[in-house]
Amino acid sequence: MSVEILTLLAESLVDTIYMVAISAAIAAVIGVPLGVILITTGKGHILENIAFNRILGSLVNACRSTPFIILMVAIIPLTRIIAGTSIGTNAAIVPLSIAAIPFVGRIVESALREVDQGLIEAATAMGASPREIILKVLIPEAMPSIAAGLTITIINLIGHSAMAGAIGGGGLGDLAIRYGYQRFRADIMLATVLVLIAMVQIVQSTGDYIAKRLNKKQLGGNSHA
């Protein structure tokens, strides 16, 4: 493999990391509050609002059920408005973020649902406000599960970023299509696949480690309590 190809591989890796990191950050910033709203406005919860919860849940389900490749093409006009272009790494961040936000929302909702209802009832009985219950009970108790969920999200984004390369999204997917598939270079295809596998392994191992540390910290805190 030539120096030129290795350079392109390195540049594409940087582009992929950039796309995934920014998209994951946006998804976390919007998706975590979305998950909190989904759980707290549900039936019998601290901010119960059944009608709002059903409408929001339907919108989230609609976004989640749309295949990424279709979503990416469908929102090209929006991508142009936000990024100024529909091609390249900055443009790919828009559909990647939109696809990841509802996914994170549902993961956070599921994680918060696992929190012991007795803790919420105890906090309510002590006069805690909904905001205090969310920030001091729900999110801290669910942090290990949320961390594990965000790890899954990042791994999904790595796969989606490769798919974005099929329509000029940049990154490793773009390299695999233009230099590997179109030029019949099996070595380039194999190299990009191996790099993507390595990325997933690193993310998964790091996510597992963080989730385990958070779980130990949580158990330690509970034992002291």
Side-chain angles (χ1 to χ4, degrees), residues 17-61 63-64 93 96-160 199-225:
I17 292 171
Y18 167 71
M19 281 190 290
V20 171
I22 300 298
S23 302
I26 293 170
V29 167
I30 301 175
V32 172
L34 175 62
V36 171
I37 293 169
L38 283 167
I39 191 69
T40 56
T41 57
K43 187 175 181 181
H45 224 286
I46 54 175
L47 297 171
E48 181 178 329
N49 188 327
I50 304 297
F52 175 78
N53 183 271
R54 285 178 179 169
I55 292 168
L56 184 61
S58 296
L59 290 172
V60 169
N61 290 339
C63 289
R64 283 193 62 197
I93 288 169
L96 285 171
S97 301
I98 291 174
I101 287 167
F103 185 78
V104 172
R106 285 301 187 192
I107 280 176
V108 171
E109 179 192 18
S110 178
L112 295 175
R113 187 171 279 116
E114 294 172 7
V115 175
D116 186 359
Q117 191 66 28
L119 293 173
I120 300 169
E121 291 171 358
T124 304
M126 292 171 66
S129 66
R131 181 173 177 274
E132 288 173 329
I133 291 171
I134 291 166
L135 296 178
K136 295 182 180 179
V137 178
L138 284 173
I139 291 178
E141 288 292 321
M143 273 309 295
S145 295
I146 292 173
L150 289 175
T151 300
I152 295 170
T153 303
I154 294 170
I155 290 170
N156 281 344
L157 283 170
I158 291 172
H160 286 160
M199 284 182 70
V200 169
Q201 291 291 342
I202 292 167
V203 170
Q204 186 67 64
S205 299
T206 304
D208 289 345
Y209 173 76
I210 292 170
K212 197 176 291 182
R213 287 294 300 270
L214 287 169
N215 200 36
K216 284 181 180 177
K217 187 177 178 182
Q218 186 187 82
L219 290 173
N222 289 342
S223 65
H224 288 309

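Along the sequence shown, residues carry numbers from 1.
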**Asked** Between L34 and P102, what is the shortest heavy-atom contact and its length?
**Response** CD2-CA, 4.2 Å

**Request:** Can you measure from OG1 (T40) to CG (N53) and round to the nearest 0.5 angstrom?
**Result:** 8.5 Å

**Item:** From CG (L96) to CG (N156), nearest 0.5 Å
**Value:** 11.0 Å

**Message:** Looking at every heavy atom in both A100 and A27, which two are closest together, and how far apart are they?
**Reply:** CB-CB, 3.5 Å

**Asked** Can you name the closest pair of heavy atoms from A28 and P33 and give their distance?
**Response** O-CD, 3.9 Å

**Item:** Inter- and intrachain pairs under ring pair (Phe, Tyr, Trp, His ring centres under 6.0 Å), touching residues 119-145, at least two apart
**Value:** none

**Asked** Is I46 close to I134 at the side-chain level, that is, under 4.5 Å between some pair of heavy atoms?
**Response** yes

**Asked** Are any side-chain N or O atoms of N215 and backbone N or O atoms of A211, one a donor and one an acceptor, separated by less than 3.5 Å?
**Response** no

**Item:** Atom pair CD1 (I154) and NE2 (H160), whose distance is rounded to the nearest 0.5 Å
**Value:** 14.0 Å

**Asked** If we only count heavy atoms from C-beta on, is the H45 to L138 side-chain gap below 4.5 Å?
**Response** yes

**Request:** Considering non-hydrogen atoms only, spot the tightest contact between I146 and A111 and give its length.
**Result:** CG1-CB, 3.9 Å

**Prompt:** What residue pairs, at least two apart or across chains, pass salt bridge (charged side-chain N to carboxylate O under 4.0 Å, His left out) with a residue in residues 110-127?
**Reply:** E109-R113

**Pairs satisfying salt bridge (charged side-chain N to carboxylate O under 4.0 Å, His left out), at least one member in residues 123-138, at least two apart** = none

**Request:** Nearest 0.5 Å please: distance from the CD1 atom of I152 over to the CG atom of L157.
**Result:** 12.0 Å

**Asked** Can you tell which of I107, V20, I158, I101 makes a side-chain contact (heavy atoms from CB on, under 4.5 Å) with T153?
**Response** I107

**Complete:** On a heavy-atom basis, the closest approach of V36 and I39 is O-CG2, 3.2 Å

**Distance-minimising heavy-atom pair for A123 and V137** = CB-CG2, 4.0 Å

**Message:** In the structure I gave you, are the side-chain heavy atoms of I210 and L150 within less than 4.5 Å of one another anywhere?
**Reply:** no

**Request:** Applying side-chain contact (heavy atoms from CB on, under 4.5 Å), name anything that partners V32, two or more places apart in sequence or on another chain.
**Result:** V104, V108

**Request:** Not counting sequence neighbours, list each pair that qualifies as a salt bridge (charged side-chain N to carboxylate O under 4.0 Å, His left out) and has a residue in residues 40-60.
**Result:** none

**With sequence neighbours excluded, residues passing side-chain contact (heavy atoms from CB on, under 4.5 Å) with F52** = I37, T41, N49, L56

**Complete:** OG of S110 to CZ of R106, rounded to nearest 0.5 Å, is 10.0 Å

